[in-house]
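What follows is a single structure, written as structure tokens, with notes after it.
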Amino acid sequence: MTKAGDDDALVRAAQADPRRFGILYERYFNDVFRFLHRRARHREITADLTQQTFLKAMLALPRYQPRGLPFRAWLYRIALNEIRMYWRRRSEVTVDLHALEVMPLAEEIGLDGREEDLAGLARALSRLNDAQSRLIELRYFDGLPFAEVAQVIGIGEDAAKMRTHRVLATLRQYLVPHK
């Protein structure tokens, strides 16, 4: 059975008996924790947000419908809402980038990974608005396929592809030296 098919069976079991939600929790805890930690950067805050995410997921599980997309994407959407609420209360946003995390994005926009290229990319990323940053983070730093990116932010897959390509074009423009 595929992981998605296995997830569907686990979700149905948890919908019938909430005590079986623990299997889904164990399967996706690390993924959700990493997803949130990349955005919160503090272990205690991440732990709290992860627990809140799974609590909300468990409470909403009776209304969950797979729609052919991975259960993980649904959890990421809940987690993204949790981190947004947290930062809205804190009025600040931070994203910590490591060279290994940024390399797929650097390669996508045609950079060779030199230190000065990565520094320029960091400056370009800081110029993006929240929605643009979210697309780049989900696609390149979290490694989600477009179908999951679309589900997490609540748009169609084609729209996710189009918006991502527009953001990549914007980043390329920011990287062009102005004379």
Side-chain angles (χ1 to χ4, degrees), residues 28 31-54 56-57 60 67 69-179:
Y28 290 106
D31 289 343
V32 171
F33 188 91
R34 276 191 306 274
F35 179 85
L36 288 166
H37 192 258
R38 183 182 320 281
R39 290 153 179 84
R41 302 309 302 171
H42 298 284
R43 195 161 186 74
E44 298 80 23
I45 294 166
T46 302
D48 290 345
L49 292 170
T50 302
Q51 292 302 326
Q52 192 64 26
T53 296
F54 279 102
K56 287 190 176 180
R67 297 186 185 129
L69 294 168
F71 182 72
R72 177 181 70 164
W74 184 69
L75 289 173
Y76 280 4
R77 187 171 191 167
I78 295 169
L80 187 61
N81 287 334
E82 288 302 306
I83 195 72
R84 280 184 192 155
M85 286 189 298
Y86 172 78
W87 287 121
R88 197 173 300 129
R89 288 189 299 266
R90 297 273 316 231
S91 298
E92 60 182 89
V93 175
T94 184
V95 176
D96 185 24
L97 301 177
H98 300 285
L100 288 176
E101 293 173 334
V102 93
M103 284 312 294
L105 175 60
E107 290 169 1
E108 178 75 26
I109 59 177
L111 301 176
D112 62 13
R114 294 178 310 185
E115 192 172 324
E116 59 269 15
D117 287 343
L118 296 180
L121 180 56
R123 286 189 300 276
L125 287 167
S126 72
R127 295 176 65 184
L128 298 178
N129 65 37
D130 289 343
Q132 293 170 321
S133 293
R134 194 170 307 113
L135 275 170
I136 294 300
E137 290 170 20
L138 291 169
R139 177 71 179 147
Y140 294 98
F141 304 152
D142 293 318
L144 297 184
F146 283 114
E148 289 185 47
V149 170
Q151 185 177 5
V152 170
I153 61 175
I155 60 175
E157 184 176 353
D158 288 340
K161 288 177 184 177
M162 181 181 61
R163 290 181 189 182
T164 301
H165 291 295
R166 284 182 185 159
V167 175
L168 292 173
T170 299
L171 286 172
R172 285 184 191 101
Q173 186 66 35
Y174 289 160
L175 290 167
V176 172
H178 293 89
K179 298 179 182 185

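In this chain, numbering begins with 1 at the start of the sequence shown.
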Say you draw a straight line from [atom1] of [X] to [atom2] of [Y]; how long is it, rounded to the nearest 0.5 Å?
X	Y	atom1	atom2	value
L171	Q132	CG	CD	8.0 Å
L49	H42	CG	NE2	11.0 Å
L125	F141	CG	CZ	5.0 Å
L144	Y76	CG	OH	6.0 Å
L168	L105	CG	CG	6.5 Å
I136	T170	CD1	OG1	9.0 Å

Any idea which heavy atoms bring [X] and [Y] closest together, and the distance?
X	Y	value
Q151	P70	OE1-O, 3.8 Å
A73	V152	O-CG2, 3.4 Å
L135	A160	CD2-O, 4.3 Å
F35	L80	CE2-N, 3.9 Å

Report summary line: side chain to side chain contact (heavy atoms under 4.5 Å, CB included) test vs H37 passes for just one of I45, T46, V32, namely T46
**Report entry** Validation row: F146, D158 side chains within 4.5 angstrom (heavy atoms)
**Finding:**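 Side-chain contact under 4.5 Å: no.
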**Report entry** Pairs touching residues 161-172 that satisfy salt bridge (Lys or Arg N to Asp or Glu O under 4.0 Å), sequence neighbours left out
**Finding:**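 Those involving residues 161-172 are E157-K161.
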Report summary line: Residues pairing under salt bridge (Lys or Arg N to Asp or Glu O under 4.0 Å) where one sits in residues 73-87, two or more places apart or in two chains, turn out to be K56-E82
Query raised in the report: Yes or no on side-chain contact (heavy atoms from CB on, under 4.5 Å) for I155 and V149, after CA distance, side-chain angles and deciding distance?
Result: CA-CA 8 Å; I155 60 175; V149 170; over 6 Å; no
Requested in this report: Kindly write out the residues that satisfy salt bridge (Lys or Arg N to Asp or Glu O under 4.0 Å) with R123, not counting sequence neighbours, or none if the list is empty.
Outcome: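 None.
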Query raised in the report: Between F54 and I78, is a side-chain contact (heavy atoms from CB on, under 4.5 Å) present by the stated rule, with each step listed?
Result: CA-CA 8 Å; F54 279 102; I78 295 169; over 6 Å; no
**Report entry** Lys/Arg N to Asp/Glu carboxylate O, D142 vs R139, below 4.0 Å
**Finding:**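 A salt bridge is absent here (no side-chain N lies under 4.0 Å from a carboxylate O).
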Using the test side chain to side chain contact (heavy atoms under 4.5 Å, CB included), find all partners of [X] that sit at least two apart in sequence or belong to another chain.
X	value
E107	M103
S133	L128, E137
A60	R63, W74

Query raised in the report: Do the numbers put R127 on top of the ring of Y174, so that NZ or CZ is under 6.0 Å from the six-membered ring centre and no more than 45° off the axis?
Result: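 Cation-pi check for R127 and Y174: passes.
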